**Q** 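Sharing a structure below in C-alpha cells format, with a few things to ask.
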Amino acid sequence: MAKTSNKKSIILGVIGFLLVAFGTLLVFLVPVIMDQQVEKNVRIDPSSGFAFEMWRDLPVPFYMSIYIFEVVNHKEVVLGEKPRVRERGPYVYREYKQKTNLTFHDNGTVTFIENRTFFFAPDKSVGSEDDYMIVPNIILLASSIMVKDLSLPIKWIISGAFATFNEEPFMNRTVKEILWGYEDPFLDFINMILPGKLPFKDKFGLFSDFNNSNTGVFTVNTGIKDITKVQMIDTWNGLTEVDFWHSNQTNMINGTAGQMWPPFRKPSEPLQFYSPDACRSLTFVYKEESEFRGIPTYRYSAPDYLFANGTDYPPNAGFCPCLASGVQNMSSCRFNAPLFLSFPHFYNADPGFVEAVDGLHPNGELHSLFLDLHPLTGIPMNCSIKMQLSLFTKAISGISQTGSIAPVILPVLWFGESGYLDGAVYTTYYNTLVLFPTILDYLQYVLIALGLGFILIALLLPFVQRDNCFLFWSSNKKLDESQDINKAQTEKLTASNGTVLMEARL
C-alpha cells in the first residue's frame, strides 16, 4: 500500500514539475514569440502573408464622404453682404487604392506608385451626383486674386474675357461637375494670354486630378533589416524634402505614407506621415486608450497646433504668410491659388472665421479627426480623416465681376476619408495577431497553476493514504473487540440457559 502511494506521488510530482517548468519557460518565450510573429507579419515582404497583401491592395472598405457648401445668398455676397452657406451631402465615394511598380532595393527599401480610383456610392449618399447647387466660381475668383497685382489694363482685358465667356463669381453646377470637372472655354483663353499663370488646363474640377491618379513615387523602408524603420519614407518623388514652404522644418518629409507605422508603439510617440495632397508632413498625437471590435488600440487625434499660425506656434512660421490660427495657406503648393486647408466648419480655428460666414456650426464630435491604431503592430484599425477646403476672395479693382465682395475665407467643401478593418481581413488579423498571442499569454499561467496543483496533490497523497490505513486498522480493531464481547455475552447467556434448564429438570 505504501509503495503504491509513493509511486503515485512521484508521478504526480514529476508531471507537476514539468508543467510548472514549461509554463515558466513560456513566460519568457511568449513575448519573444509574439514579437517575432508581429515582425514577420508587418514587414514589407511578399512572403509575410496577408499584411503584405493588405498594404499593397488595401482591401478594407475605404470611403470619401464629401459635403459641399452651397452659397444661398450669392447675389448679396457680390454686393458686400456676409456669405450664408448651407451644407449639402454627404456625397460618398468608394475609394480603391493599389500599389504598383513595386521595386525592392538592396538597401532594405521598396519603391512603388499608389493608384487611386473613386466610384460613387448612391446607397451611402444623401443626394445624387446630378444635384445642382450654387458655389463659388473658383476659376474667376481665384484668378482675380492671382492677377490682383497686374496692371489695370491687363485686369480690364481679363474682366472683359470673363464677360465674353459669361463667367460670374458664382455658378450653378452639378456635384459631378464641381468635383470631377467641367470644360470651360475661358481656361483656353486665359492660358493663351497668361501661360503658366493658372494651374487649370482644359477641364476644371476640385478633385479632377484625384481620380485615376497617383500620389507620386514613394520609396519606404521594408523593415527587413530594421523593423523599427518599417514603412518610414526614404524619399518621395526622389526627394528627402520639399520646397513648397519657407523653413527646413516645414519642408521635411517625415514619418510614413500614412497607412501603417512601425510596431510596438508607445503613447509618447506621435504618428507622423507625409501627405502629398496637403504638400506637407502631418502629426497626430496620442489621446487615449480605445478598442475596436475586441482589439486594443491607441486613439490619436490632431494636435491643437496643427494649423496654428507662426505667432501661436513658431515651428509653423514656415507655412506663412499666415492669417489667424486654424487655417493653412496652401497657395505655395497650389500655383498661388488662394486656397486654405482647415478642419470642417473651421473647427478649432480662430472664432473670426466662423463669424464671417453664416451657416457654420463647428462640432468636435462631427468635425474632428481620429485614428485608432493597434500599438503592437502599428496597423490602423479604424480612422476618419476630415479636412476642409476654402477659398479666399474679395473685390479686385479692375475685375468688375468681383463687385463689392468683402474679404472672406469662404468654405467650399469638406471631406472625410474613413476606413476600418472588416471581413476576412479582420478575421485573419484578429486570429493571427490578437487571438493567438492572447492564448499563449493565458496558457503559460494555466500550465503553472495546473503544475502547482499536481505538486500539491503529490505532497498530500502520502498523508491521505496513511490516514486511511490508520482509520482502517482502528475500525478493524474495534470490530474484533466488538465480536469478542458479543461472543463472551453469547457464551454467558448459553451457560445461564443451561443452568436454568437443569434446575427445571430437577
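Numbers here are sequence positions counted from 1. All figures in this text were calculated on a predicted structure; none of them were measured in a lab.
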**Q** Check for me whether the distance between the ring centres of Phe353 and Phe346 falls short of 6.0 Å.
**A** yes
**Q** So which heavy atom on Thr297 is nearest to which on Glu291, and how close?
**A** OG1-N, 3.3 Å
**Q** Honestly, is Arg293 close enough over Tyr426, meaning NZ or CZ under 6.0 Å from the six-membered ring centre and within 45° of the axis?
**A** yes
**Q** Which residue is it: Glu129, Glu417, Lys124? I am looking for the one with a side-chain hydrogen bond (donor to acceptor under 3.5 Å, both in side chains) to Tyr93.
**A** Glu129
**Q** What's the verdict on side chain to side chain donor-acceptor pair (under 3.5 Å) for Ser47 and Asp45, showing C-alpha distance, side-chain angles and the deciding distance?
**A** CA-CA 5 Å; Ser47 65; Asp45 182 354; 3.0 Å; yes
**Q** Would you say the side chains of Ser418 and Ser384 form a donor-acceptor pair under 3.5 Å?
**A** no
**Q** Which of parallel (below 30°), tilted (30 to 60°) and perpendicular (above 60°) describes Phe392 and Phe340?
**A** perpendicular
**Q** Nearest 0.5 angstrom please: Leu391 CG to Ile145 CD1, how far?
**A** 7.5 Å
**Q** Would you verify whether the NZ or CZ of Arg94 falls within 45 degrees of the ring axis of Tyr63 while also being under 6.0 Å from that six-membered ring's centre?
**A** yes
**Q** Do the side-chain N and O atoms of Asn137 and Glu167 include a donor-acceptor pair separated by under 3.5 angstrom?
**A** yes
**Q** Are the ring centres of Phe307 and Phe343 closer than 6.0 Å?
**A** yes
**Q** Tell me whether the guanidinium CZ or amine NZ of Lys386 lies under 6.0 angstrom from the six-membered ring centre of Trp414 and within 45° of its axis.
**A** no
**Q** Does the ring centre of Phe319 sit less than 6.0 Å away from the ring centre of His246?
**A** no
**Q** Is the centre of the Tyr96 ring less than 6.0 Å from the centre of the Phe118 ring?
**A** no
**Q** Looking at Asn251 and Ser247, would you say the former's side chain and the latter's main chain have a donor-acceptor pair under 3.5 Å?
**A** yes
**Q** Under 4.0 Å between a side-chain nitrogen and a carboxylate oxygen: does that hold for Glu183 and Lys203?
**A** no
**Q** For His345 and Phe69, take the angle between the two ring planes, folded into 0 to 90°, and tell me which bin it lands in: parallel under 30, tilted 30 to 60, perpendicular over 60.
**A** perpendicular
**Q** Measure from NZ or CZ of Arg116 to the centre of the six-membered ring of Phe210 and say whether it is under 6.0 Å with the direction within 45° of the ring axis.
**A** yes
**Q** Under a 3.5 Å cutoff, is there a donor and acceptor pairing between the side chains of Asp234 and Thr109?
**A** no
**Q** Determine the interplanar angle of the Tyr420 and Phe292 rings, folded into 0 to 90°, and report it as parallel if under 30°, tilted if 30 to 60°, perpendicular if over 60°.
**A** tilted
**Q** Applying side chain to side chain donor-acceptor pair (under 3.5 Å), run through Glu114 and Gln259 and close with a yes or a no.
**A** CA-CA 12 Å; Glu114 184 171 75; Gln259 294 177 356; 2.7 Å; yes
